[in-house]
Amino acid sequence: MSCKDRYGLPLSTHSEAARDAYVEAVDLFLAAQPGMEAALQRAFDADPDFALAHVLLARLHQVHGRGEQARAALQRAEARAAGLTPRERGHVAALARLVAGDASAALAAIEAHLAEFPRDAMVLLPCAGVFGLFGFSGRKGREAALETFLAGYARHYGED
């Protein structure tokens with residue numbers, strides 16, 4: 001079985017249940033809706049070694065200001081990254097920089113990753129809003145930079 005996410009990107013899990021729960025968790029995260037932790041728990045129950053689920057949990061903890069839990073989930077993701085595809089390793093690495101609080105390194109890693117994998121929505125998300133890496137950068141012209149950045153990816157997402 002070949003597991004893929006909603007955007008057609010392969011996932012390193014052999015469990016359809018883990019895949020489905022992860023896709024649900026990503027959808028909930030992208031829509032800022034509750035229920036993500038329960039969906040991730042179902043993913044872990046089906047595949048405890050599913051690295052992308054661990055890094056997604058790290059992001060959730062980070063967003064909620066739970067730094068210690070974010071770092072622990074990130075460590076679990078990184079410990080499982082060796083056998084991943086290059087896309088998934090890049091996904092983990094880019095989000096690891098973000099969770100670690102290194103905004104400039106995170107932005108550089110995200111831009112490099114998206115140049116090769118533009119439909120990696122969870123990697124795009126930290127740059128997609130006014131409260132993201134562009135919005136909080138403090139740079140002059142950040143609004144225009146954000147608009148230009150996102151315009152380059154719009155064609156990859158269609159009506160999404």
Side-chain angles (χ1 to χ4, degrees), residues 4-13 21-34 36-37 39-40 43-44 49-157 160:
K4 294 185 178 186
D5 71 7
R6 180 167 312 289
Y7 299 98
L9 300 171
L11 298 171
S12 291
T13 183
Y22 173 77
V23 167
E24 179 185 349
V26 168
D27 288 349
L28 291 168
F29 194 93
L30 293 172
Q33 295 295 311
M36 194 172 113
E37 287 181 86
L40 284 173
F44 297 137
D49 292 322
F50 192 0
L52 292 190
H54 287 284
V55 80
L56 181 55
L57 182 60
R59 280 286 292 137
L60 176 66
H61 288 315
Q62 179 198 29
V63 166
H64 288 274
R66 301 185 295 238
E68 187 174 319
Q69 292 169 298
R71 288 185 294 279
L74 178 59
Q75 287 177 342
R76 289 190 299 275
E78 291 176 321
R80 291 158 171 84
L84 299 179
T85 65
R87 195 272 310 172
E88 291 169 304
R89 283 194 309 273
H91 178 112
V92 170
L95 294 181
R97 288 175 177 86
L98 183 67
V99 170
D102 189 346
S104 62
L107 182 56
I110 287 169
E111 288 177 318
H113 181 80
L114 292 173
E116 191 169 352
F117 305 103
R119 288 184 55 83
D120 201 336
M122 284 304 302
V123 175
L124 177 68
L125 184 62
C127 297
V130 296
F131 299 115
L133 291 171
F134 282 93
F136 283 158
S137 70
R139 292 187 273 175
K140 289 185 178 183
R142 63 186 174 267
E143 294 86 1
L146 175 59
E147 183 178 9
T148 299
F149 176 82
L150 291 175
Y153 295 100
R155 65 186 164 87
H156 297 286
Y157 289 88
D160 192 343

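Side-chain atoms of Y157 come within 3.5 Å of backbone atoms of P118 as a donor-acceptor pair (strictly under, hydrogens ignored). Under a 3.5 Å cut-off, the side chain of Q62 and the backbone N or O of L98 do form a donor-acceptor pair. Formation of a donor-acceptor pair under 3.5 Å by the R87 side chain with backbone atoms of P10 is found in this model. A donor-acceptor contact shorter than 3.5 Å is absent between the side chain of R89 and the backbone of A81. Checked by atom type and distance alone, the side chain of R76 never pairs as donor or acceptor with a backbone atom of H54 at under 3.5 Å.
With rounding to the nearest 0.5 angstrom, the CD atom of E37 is 6.5 Å from the NE2 atom of H64. The CG atom of D120 sits 8.0 Å away from the CG atom of L52 when rounded to the nearest 0.5 Å. With rounding to the nearest 0.5 Å, the separation of CD in Q75 from CD in E78 is 7.5 Å. Taking CE from M36 and CG from L56, the interatomic distance works out to 4.0 Å, rounded to the nearest 0.5 Å.
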Quiz: residues 123-136 side-chain donor-acceptor pairs under 3.5 angstrom, not counting sequence neighbours:
none

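The environment of CZ in R6 is sparse: at most 12 heavy-atom neighbours from other residues, nucleotides or ligands sit within 6.0 Å. The number of heavy atoms from other shown groups lying within 6.0 Å of CD (E147) does not exceed 12.
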* Determine, stepwise, if the pair Y22 / T13 fulfils side-chain contact (heavy atoms from CB on, under 4.5 Å). => CA-CA 10 Å; Y22 173 77; T13 183; over 6 Å; no
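Seen from the ring of F50, R80 does not count as a face-on cation partner, given the 6.0 Å and 45° thresholds.
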